[in-house]
Undergrad: 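The structure that follows is given in the form of structure tokens.
Fair warning: this is a prediction, and the values are worked out from it, not measured in the lab. Chain A is the first sequence line, chain B the second, and so forth, proteins listed ahead of strands; every chain is numbered from 1.
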Number of protein chains: 2
Amino acid sequence: MKGHDHAHHKEDLAERLKQAHLSITPSRLAILELLHESHRVWSIEQLIEALKRRPKALKGSLVFTTIYRCLLKLEEAKMVRRVDFGDGVSRFEFDTGEGHHHHHIVCTQCNAIEALEDCHIKEIEKNVKKLGYQNISHRMEFFGLCKGCS
Amino acid sequence: MKGHDHAHHKEDLAERLKQAHLSITPSRLAILELLHESHRVWSIEQLIEALKRRPKALKGSLVFTTIYRCLLKLEEAKMVRRVDFGDGVSRFEFDTGEGHHHHHIVCTQCNAIEALEDCHIKEIEKNVKKLGYQNISHRMEFFGLCKGCS
DNA sequence: ATTTTTTTGCAAATCATTTGCATTTATTTT
DNA sequence: AAAATAAATGCAAATGATTTGCAAAAAAAT
Ligand SMILES: [Mn+2]
Ligand SMILES: [Mn+2]
Ligand SMILES: [Zn+2]
Ligand SMILES: [Zn+2]
């Protein structure tokens, strides 16, 4: 059962790579599998460590640059989303699509990261409090085409 | 009139430095003056250029490291606030106090930066649209003490 | 005025990210 | 299936903003 599921996922992910005109490589599949299974954000270093510890580890060595370039491509292809907490390290998560826009909360003490499912801006703060967080602050900036440029 | 105002500001800023137990130096005063007068965010490079072009330019050379360390101190002292748009460059603005928490919008075309006065999260997006921006996206993350840490 | 503390200037170190290039792998064409 | 073409990978080196070390200069305290 699980085997089938995994196989299905792998095929599915490979298919999405094909649709995005990206070569199907072990690195890319391994990254996608891990991101898809785990609903969390990963730094590149974390990804490398996790991939090394996998039962079916990649044959080739796991190199920063390779993972980095894979993630760039996957980001372009909208299969992976980059998350930035402003600490100088990029993190990545599986991109579940337009309909699943969301944010995260980072513990200022232990740096634990939790997803805030869905983004109802007006209700987010309440939900954050409900999760039991204290001393909540947030980071938010907007981006868009200004009058002069559009 | 203007002379008086400026003098007043300078004294005022110097006073705030004193209260924060920070030495009063030409660099710090110059930075504070510029930030205080201009209601905008500045990168360190921008600050240096602007300070060079000032009528009463600083005697000493304007060095990145010095401005950098001044800003760090001023940030600690809550006189300056750091703004991060995730482009790898830190920007700074005068900190007008707790009551004036706000965000900004960056044009994805010309990189113009505009302040969004006040932060009524639920209404912000509407206001952004009213300002004439298109293709609006935003960056927002929360930070706080999680249950386990508090 | 002298001493003590802090800041400044310049160079060098950091650190995550990005790039160059030869080699290997994947895809496309015979 | 083999050869040719295009793309990805591994390793080293380059970037670029930020951060640090330390001696000289300036500010604050005595
Ligand atoms: Mn997430
Ligand atoms: Mn502002
Ligand atoms: Zn959102
Ligand atoms: Zn806010």
Undergrad: I'd like to know if A/Asp84 and B/Arg139 make a salt bridge, using a cut-off of under 4.0 Å between side-chain N and carboxylate O.
TA: yes
Undergrad: With a 4.0 Å cutoff (strictly under), does any side-chain N or O of B/Ser90 reach OP1 or OP2 of D/dA17?
TA: no
Undergrad: As a test of reading the structure: which of C/dA16, C/dG9, D/dA28 is closest to the side chain of B/Ile24, going by heavy atoms?
TA: D/dA28
Undergrad: Is it true that the side chains of A/His100 and A/Glu117 contain a donor and an acceptor less than 3.5 Å apart?
TA: yes
Undergrad: Please tell me which of B/Pro26 and A/Leu22 maps to the more 5' nucleotide of DNA chain D, matching each residue to the nucleotide holding its nearest heavy atom.
TA: A/Leu22
Undergrad: Looking at A/Ser23, does any N or O in its side chain come under 4.0 Å of the phosphate oxygens OP1/OP2 on D/dA6?
TA: no
Undergrad: When the distance from CG of B/Asp87 to C1' of D/dT15 is rounded to whole Å, what number comes out?
TA: 16 Å
Undergrad: Please tell me if B/Thr25 has a side-chain N or O lying less than 4.0 Å from either OP1 or OP2 of C/dT8.
TA: yes
Undergrad: For the pair made of NE2 in B/His21 and C1' in D/dA27, what is the distance, rounded to whole Å?
TA: 16 Å
Undergrad: What is the separation between atom CD1 on B/Ile44 and atom P on C/dT8, rounded to the nearest whole Å?
TA: 13 Å
Undergrad: Which nucleotide sits closest to the side chain of A/Tyr68: C/dA16, C/dT18, C/dC10?
TA: C/dT18
Undergrad: Think A/Thr66 has a side-chain N or O under 4.0 angstrom from the OP1 or OP2 of D/dA8?
TA: no
Undergrad: Are any of A/Arg69's side-chain N or O atoms less than 4.0 Å away from OP1 or OP2 of D/dT9?
TA: no
Undergrad: Does the pair B/Arg54/B/Glu37 count as a salt bridge with the N-to-O cut at 4.0 Å?
TA: yes
Undergrad: Would you mind reading off the distance between A/Lys73 atom NZ and D/dA6 atom C1', rounded to a whole angstrom?
TA: 11 Å
Undergrad: Side chains of B/Arg82 and B/Ser90: do they bring a donor and an acceptor to under 3.5 Å?
TA: yes
Undergrad: Is the closest basic N to carboxylate O distance between A/Glu75 and A/Arg81 below 4.0 Å?
TA: no
Undergrad: Side chain of B/Thr65 only, heavy atoms from C-beta on: which candidate in D/dT9, C/dT8, D/dT20 is closest?
TA: D/dT20
Undergrad: Nearest of C/dT8, D/dT9, C/dT7 to any side-chain atom of A/Ser27?
TA: D/dT9
Undergrad: Report the distance from atom CZ of A/Phe64 to atom P of D/dA8, rounded to the nearest whole Å.
TA: 18 Å
